[in-house]
There are 2 protein chains.
Amino acid sequence: MAPKIKDVAKKAGVSVTTVSRVLNGEKYVKDELKLKVKHAIDELGYAPSHIARSLVRKKTDLIGVIVPDLTSSFYSTILSSIEETASLNDYNLLVCNIIEDIDKELKYLNVFKQMRVDGIIIMHEKLSDEIRSLLNKLEVPVIFSSVKPIDQKFISLIIDDYQAAYDATNYLIELGHERIAFIGGDMRDITSGQNRYVGYRNALTNNHVKIIYDYIKFGDYKMQKGYDLMKEILACEPRPTAVFAVSDDMAVGAMNCVHDHQLKVPDDISIIGFDGSQLTELVRPRLTSMEQPIHEMGKLTVETLIQLIEDQEGSPEEDLILGHKLVVRDSCKVNKKEA
Amino acid sequence: MAPKIKDVAKKAGVSVTTVSRVLNGEKYVKDELKLKVKHAIDELGYAPSHIARSLVRKKTDLIGVIVPDLTSSFYSTILSSIEETASLNDYNLLVCNIIEDIDKELKYLNVFKQMRVDGIIIMHEKLSDEIRSLLNKLEVPVIFSSVKPIDQKFISLIIDDYQAAYDATNYLIELGHERIAFIGGDMRDITSGQNRYVGYRNALTNNHVKIIYDYIKFGDYKMQKGYDLMKEILACEPRPTAVFAVSDDMAVGAMNCVHDHQLKVPDDISIIGFDGSQLTELVRPRLTSMEQPIHEMGKLTVETLIQLIEDQEGSPEEDLILGHKLVVRDSCKVNKKEA
DNA sequence: CTGAAAGCGCTAACAC
DNA sequence: GTGTTAGCGCTTTCAG
């Protein structure tokens with residue numbers, strides 16, 4: 001149905017090779033023929049089949065992306081940046097949204113394999129054994145963005161989660177807080193679970209602030225969980241004066257919980273988030289957060305992956321650690337010491 | 001490098017045809033051979049090339065999706081639903097995020113064409129002439145989700161935007177409000193711009209509520225715009241007692257503006273949003289909103305498109321109108337009449 | 001039930 | 001500069 005290269009060749013009175021040549025912008029074609037071919041293409045509304053081209057070139061210009069949750073503000077923003085950069089480099093995205101669904105992830109990884117994607121971006125770190133082994137057998141570059149799964153040969157783009165969590169906690173301590181609660185992630189996650197937790201703990205310890213285990217909770221990075229855990233925290237006697245949540249979503253959940261208990265942020269309780277998602281500016285009070293360079297992270301993820309794909313010189317062989325940054329907004333305040 | 005069907009055939013001691021047959025689950029293969037082939041596949045870690053298969057079958061199982069803004073809560077949610085449904089039906093998504101970028105849209109549409117996607121989902125209605133003509137020449141099904149561009153032969157999945165806006169406005173009127181501001185969309189958009197505006201106006205007119213043009217603003221559905229427009233609205237004398245914003249994002253922007261002016265929602269001003277995105281539950285006070293069935297809309301969009309692709313009997317030939325629903329939360333209250 | 005062979009639409013040697 | 005031709009890895013007649 002759709003016109004093929006042969007049709008164009010016939011119409012222009014040249015060989016398919018010549019058509020292919022003008023399509024691929026090669027030099028050795030007389031201007032006159034080039035024009036003829038272009039006319040034929042326009043008249044026929046011809047678009048070369050990327051499928052056929054991929055088959056012979058053994059390159060699909062496709063990048064497979066595995067996102068844990070499209071509806072999270074962090075992931076949708078980083079995906080947006082990934083998409084932008086990919087498009088700029090003439091790569092296309094095959095997107096898979098896995099919601100803690102191992103089977104779906106496995107299925108998609110196989111789809112990626114069958115689709116012969118040129119590279120894969122993964123944004124979570126709870127890799128099942130099956131996934132790991134599949135990944136290791138894959139012949140295409142894989143890159144992790146915002147996470148670093150343990151025991152993997154692949155490159156990660158991350159911030160120093162330990163230090164970022166340390167700095168966030170330290171900020172609360174500097175504000176004079178001594179009862180600081182922690183709403184953590186999933187301890188099966190090294191990057192966003194363990195590292196951030198250890199950062200929190202070490203900041204307390206190094207500053208001789210007492211660790212109170214009732215103040216320490218673990219969740220799943222989602223708003224609802226932040227809300228629920230905050231409820232537990234508010235039940236503690238005495239109440240903490242500050243909370244560090246390891247995702248903005250959980251921080252907002254915590255803020256809402258505080259609000260629903262007729263307490264005020266930051267007057268009664270200071271809250272600091274983590275990620276630097278859009279949420280920070282969207283809530284009131286605006287959320288102070290330890291920010292990841294989300295946009296840059298997405299961009300660099302794709303650029304690095306493309307380097308790997310195209311095997312350019314100087315493709316990095318090690319993780320890229322980006323800088324984190326504390327952005328102070330309105331959700332934390334100085335703790336007035338009790339008399 | 002990667003094993004091909006020929007390798008499997010050799011290893012199993014059968015012909016490629018037989019391998020192809022077991023791959024495609026055909027019946028007429030002796031169980032014994034079937035087993036042999038399966039073993040060979042496992043041993044080799046063989047995954048059939050979807051590329052090659054697409055070429056001969058003239059079907060890619062690919063759906064191209066054009067989203068206006070991945071970071072918006074509405075679109076990321078509907079995309080999530082689209083992705084889920086597509087995956088369930090063994091289709092894969094090629095995602096394009098166009099941020100009011102006509103060139104990018106055109107480029108992607110051409111990519112879709114070259115990729116030979118089986119169908120296309122579009123979620124905005126500002127179609128340039130060039131886009132329109134390209135769309136019309138395309139030989140694959142196209143479907144619009146949540147919008148209905150004027151003068152298009154393609155099917156749309158929408159709610160009755162006029163009636164939904166009418167009902168939203170009416171709700172405010174029933175609460176006793178008489179000075180009701182409107183934060184609208186882009187009037188170049190029929191569905192979400194004009195229809196919602198006319199719904200608002202007619203609700204006022206039919207209830208003999210005076211239309212005050214200073215209260216009527218138009219924007220772009222984004223939070224920041226809601227904030228800015230609300231600022232203008234707050235400058236009016238007298239101030240309105242209620243505001244209808246045609247997206248939750250703008251409604252939240254408006255709420256934040258009210259907050260930043262030391263006023264209270266809903267005590268000083270009632271605000272109702274539109275869409276039913278996650279934001280509604282995320283802000284305080286929680287946002288009352290005229291909701292679209294986002295999840296269902298995404299699901300039905302894909303299911304309908306697949307019907308069209310597979311040309312099943314009973315594929316709809318007309319728009320599908322889904323139901324809207326007012327969900328009352330905490331951002332609107334009864335207007336106490338002035339003495 | 002099974003296999004040989006033609007071709008899907010394109011690119012890339014290789015000749016001319 | 002330009003054309004011929006052999007595949008890319010698969011499915012699908014068509015024989016057997």
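Convention: sequence-line order gives letters A, B, ...; per-chain numbering from 1. The figures that follow rest on heavy atoms only: side chains count, while hydrogens, waters and symmetry mates do not.
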Starting at [atom1] of [X] and ending at [atom2] of [N], how long is that distance when rounded to a whole Å?
X: B:N24; N: D:dT12; atom1: CG; atom2: P; value: 7 Å
X: A:R53; N: D:dG9; atom1: CZ; atom2: C1'; value: 18 Å
X: B:L55; N: D:dG7; atom1: CG; atom2: C1'; value: 12 Å
X: B:K6; N: C:dA5; atom1: NZ; atom2: C1'; value: 13 Å
X: A:K34; N: D:dT2; atom1: NZ; atom2: C1'; value: 14 Å
X: B:K36; N: C:dC1; atom1: NZ; atom2: P; value: 16 Å
X: A:I5; N: D:dT4; atom1: CD1; atom2: P; value: 14 Å
X: A:H50; N: C:dC8; atom1: NE2; atom2: P; value: 20 Å

Among all residues two or more places apart in sequence or in another chain, which pass the side-chain hydrogen bond (donor to acceptor under 3.5 Å, both in side chains) test with [X]?
X: B:D220; result: none
X: A:R57; result: none
X: A:N24; result: A:S20, A:R53
X: A:E84; result: A:H295

Passes side chain to side chain donor-acceptor pair (under 3.5 Å), B:Y221 versus B:D189? Steps please. CA-CA 11 Å; B:Y221 315 102; B:D189 296 332; 2.7 Å; yes
Could you work out which one of [options] sits closest to the side chain of [X]?
X: B:K30; options: C:dC1, C:dG9, C:dG3; answer: C:dC1
X: A:A52; options: D:dT11, D:dC10, C:dC10; answer: C:dC10
X: A:T18; options: D:dT11, C:dT2, D:dG3; answer: D:dG3
X: A:R57; options: D:dC10, C:dG9, C:dT11; answer: C:dT11
X: A:S15; options: D:dT4, D:dC10, C:dG9; answer: D:dT4

Within the distance-only criterion (no hydrogens, no angle test), does the side chain of B:T301 pair as donor or acceptor with the backbone N or O of B:S145 below 3.5 angstrom? no
Nearest-nucleotide comparison on DNA chain C, the residue closer to the 5′ end among B:K58 and B:G13: B:G13
Is the shortest side-chain N/O distance from B:Y28 to OP1 or OP2 of D:dT12 below 4.0 Å? no
Looking at A:S49, does any N or O in its side chain come under 4.0 Å of the phosphate oxygens OP1/OP2 on C:dC10? no
Is the number of heavy atoms from other residues, nucleotides or ligands within 6.0 Å of NZ (B:K6) greater than 12? no
Just call it for B:I51: base, sugar-phosphate, or nothing, with non-hydrogen atoms closer than 4.0 Å on any strand. nothing
Apply side chain to side chain donor-acceptor pair (under 3.5 Å) to residues B:H124 and B:E100 and explain how you reach the verdict. CA-CA 10 Å; B:H124 76 111; B:E100 304 260 326; over 6 Å; no
Decide, yes or no, whether a salt bridge links B:R116 with B:D61 under the criterion of side-chain N to carboxylate O below 4.0 Å. no
Would you work out how much the helix from C:dC1-D:dG16 to C:dC16-D:dG1 bends between its ends, with each end axis defined by five base pairs, to 10 degrees? 40°
Mind listing the closest non-hydrogen atom pair of B:P149 and B:S156 along with its distance? CD-OG, 4.0 Å
Every protein N/O lying under 3.5 Å from an N/O of nucleotides 13-16 of chain D:
none

